[in-house]
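Reviewing the structure listed below.
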Amino acid sequence: MNYKSMITQKAQELFELYPIYKEVYVTAESLTAGLIGASIVEIPGSSAYFDRGFITYSNEAKMECLGVSEDTLKSYGAVSEQTVVQMATGALLKSSLGTMSVAVSGIAGPDGATKTKRVGTVWMAVKHKDKAAYTKCFIFDGNREEVREQTVYQALCALVNLTKGLAPF
């Protein structure tokens with residue numbers, strides 16, 4: 001699949017939704033290391049609806065930048081529902097302008113897999129300010145680049161859907 005063009009289409013859709021819904025987005029990214037935010041800002045005019053992105057690749061960054069609990073990381077790991085919820089929440093708390101966040105943490109490969117989490121496992125959370133987060137665990141196939149592209153695409157789909165008032169996943 002050509003995820004690059006699909007990603008651009010979804011980023012364009014966020015641009016088109018802004019005049020209607022006035023949402024301002026914040027990203028909290030681990031395995032994608034800023035690709036979600038970069039995809040959003042590829043569209044001219046995105047400064048109106050993209051506030052900031054947090055690249056929190058290490059556990060230390062997740063704790064320092066987003067307030068992810070050390071207990072959560074020890075108990076559930078970085079690639080977990082609990083961690084991405086705290087990442088999404090922390091991103092909104094650190095942004096005075098943001099109204100909606102997306103957070104991702106996963107295993108892009110080729111290594112990093114565990115007995116319970118294979119390469120391609122990605123947890124995602126999307127959250128509207130002052131509302132509960134929606135979460136989903138994806139199992140993507142493909143190489144490192146393909147896993148990351150699929151993650152970016154699904155993150156943008158989730159933001160578009162939540163912006164429209166639909167279930168994100």
Side-chain angles (χ1 to χ4, degrees), residues 1-14 23 25-40 42 50 53-63 65-92 100-128 131-169:
M1 285 189 144
N2 183 358
Y3 279 100
K4 291 189 189 323
S5 66
M6 293 165 58
I7 287 167
T8 300
Q9 282 181 317
K10 284 297 166 186
Q12 179 67 35
E13 199 168 342
L14 289 176
E23 299 292 355
Y25 305 101
V26 181
T27 61
E29 304 182 56
S30 187
L31 81 150
T32 51
L35 290 175
I36 299 167
S39 297
I40 292 170
E42 283 293 317
F50 184 74
F54 295 90
I55 300 171
T56 55
Y57 210 71
S58 68
N59 285 350
E60 288 75 11
K62 288 173 183 66
M63 291 185 291
C65 297
L66 299 172
V68 174
S69 158
E70 184 174 6
D71 289 341
T72 296
L73 291 165
K74 284 182 179 175
S75 299
Y76 302 102
V79 182
S80 67
E81 180 178 32
Q82 295 82 357
T83 296
V84 294
V85 167
Q86 289 183 15
M87 289 171 66
T89 302
L92 284 170
M100 193 176 293
S101 66
V102 62
V104 295
S105 188
I107 306 165
D111 43 357
T114 67
K115 291 179 183 180
T116 58
K117 296 173 188 169
R118 74 171 186 81
V119 169
T121 302
V122 175
W123 271 101
M124 185 177 299
V126 288
K127 184 173 180 356
H128 198 279
K131 294 186 181 174
Y134 292 87
T135 60
K136 183 169 181 174
C137 183
F138 293 90
I139 307 294
F140 295 124
D141 290 318
N143 63 31
R144 181 176 180 79
E145 181 182 2
E146 292 165 336
V147 167
R148 294 172 80 213
E149 285 179 343
Q150 291 171 79
T151 301
V152 171
Y153 176 70
Q154 290 298 329
L156 294 175
C157 287
L159 287 174
V160 164
N161 288 341
L162 192 58
T163 297
K164 292 178 175 180
L166 305 171
F169 307 113

Donor-acceptor under 3.5 Å (Gln12 side chain, Thr8 main chain) = no
request  = For residues Met87 and Val68, determine if any side-chain heavy atom of one lies less than 4.5 Å from a side-chain heavy atom of the other.
outcome  = yes
request  = Taking the side chain as every heavy atom from C-beta outward, state whether Tyr3 and Val152 have any atom pair closer than 4.5 Å.
outcome  = no
key: Selection residues 110-121 - residue pairs positive for salt bridge (Lys or Arg N to Asp or Glu O under 4.0 Å), sequence neighbours left out   = Arg118-Asp141
note = Across all chains, not counting sequence neighbours, the side-chain contact (heavy atoms from CB on, under 4.5 Å) partners of Ala61 are Thr56, Ser58
message = Would you compute the distance between atom CD1 of Ile36 and atom CZ of Phe50 and round it to the nearest 0.5 angstrom?
response = 9.0 Å
request  = Starting at CG of Leu35, measure out to CD1 of Ile40 and round the result to the nearest 0.5 Å.
outcome  = 11.5 Å
inquiry  = Any non-hydrogen side-chain atom of Phe138 less than 4.5 Å from a side-chain atom of Met124?
reply    = yes
ask   = Which residues pass the side-chain hydrogen bond (donor to acceptor under 3.5 Å, both in side chains) test with Ser80, sequence neighbours left out?
value = Thr83
inquiry  = Please find the pair of heavy atoms, one from Ala88 and one from Lys127, that lie closest to each other, and give the distance.
reply    = CB-CB, 4.1 Å
query = Who pairs with Gln9 by side-chain hydrogen bond (donor to acceptor under 3.5 Å, both in side chains), at least two apart in sequence or on another chain?
reply = none
inquiry  = A side-chain contact here means heavy atoms from C-beta on lying under 4.5 Å apart; do Met6 and Glu149 qualify?
reply    = no
task = Kindly indicate whether the side chain of Val26, heavy atoms from C-beta on, has any atom under 4.5 Å from the side chain of Phe54.
result = yes
request  = First locate atom CG of Asn59, then atom OG of Ser105, and finally report the distance between them rounded to the nearest 0.5 Å.
outcome  = 8.0 Å
request  = Go through the structure and list residues passing ring-ring contact (aromatic ring centres under 6.0 Å, His included) with Tyr57, not counting sequence neighbours.
outcome  = none
key: Residue pairs fulfilling salt bridge (Lys or Arg N to Asp or Glu O under 4.0 Å) with at least one residue in residues 153-169, sequence neighbours excluded   = Glu13-Lys164
inquiry  = Is it true that, when you exclude Tyr76 itself, more than 12 heavy atoms of the residues, nucleotides or ligands shown sit nearer than 6.0 Å to its OH?
reply    = no
note = Sequence neighbours excluded, the answer for salt bridge (Lys or Arg N to Asp or Glu O under 4.0 Å) partners of Glu145 is Lys4
remark   = Heavy atoms of Leu31 and Gly106 approach each other most closely as CD2-N, 3.4 Å
query = What side-chain hydrogen bond (donor to acceptor under 3.5 Å, both in side chains) pairs are there with at least one residue in residues 25-35, not counting sequence neighbours?
reply = Tyr25-Thr163, Thr27-Glu29, Glu29-Thr32, Ser30-Lys62
Qualifying salt bridge (Lys or Arg N to Asp or Glu O under 4.0 Å) pairs, either residue in residues 70-86, two or more places apart = Glu70-Lys74
key: Least distance between heavy atoms, Gln86 atom then Gly67 atom   = OE1-O, 4.1 Å
ask   = Which pair of non-hydrogen atoms, one from Pro110 and one from Val119, has the smallest distance, and what is that distance?
value = O-CG2, 3.6 Å
message = Working to the nearest 0.5 angstrom, can you tell me the gap between Ile139 CD1 and Gln150 CD?
response = 11.5 Å
remark   = Those residues at least two apart in sequence (or on a different chain) that pass side-chain hydrogen bond (donor to acceptor under 3.5 Å, both in side chains) with Gln82 are none
ask   = Can you list the residues that meet the ring-ring contact (aromatic ring centres under 6.0 Å, His included) rule with Tyr134, with sequence neighbours excluded?
value = none
Nearest heavy-atom neighbours spanning Val84 and Trp123 = CG1-O, 3.4 Å
Qualifying residues under side-chain hydrogen bond (donor to acceptor under 3.5 Å, both in side chains), relative to Glu42, sequence neighbours excluded = none
query = Can you name the nearest heavy-atom pair linking Val102 to Val126, along with the distance?
reply = CG2-CG1, 3.5 Å
request  = Taking the side chain as every heavy atom from C-beta outward, state whether Ile107 and Val147 have any atom pair closer than 4.5 Å.
outcome  = no
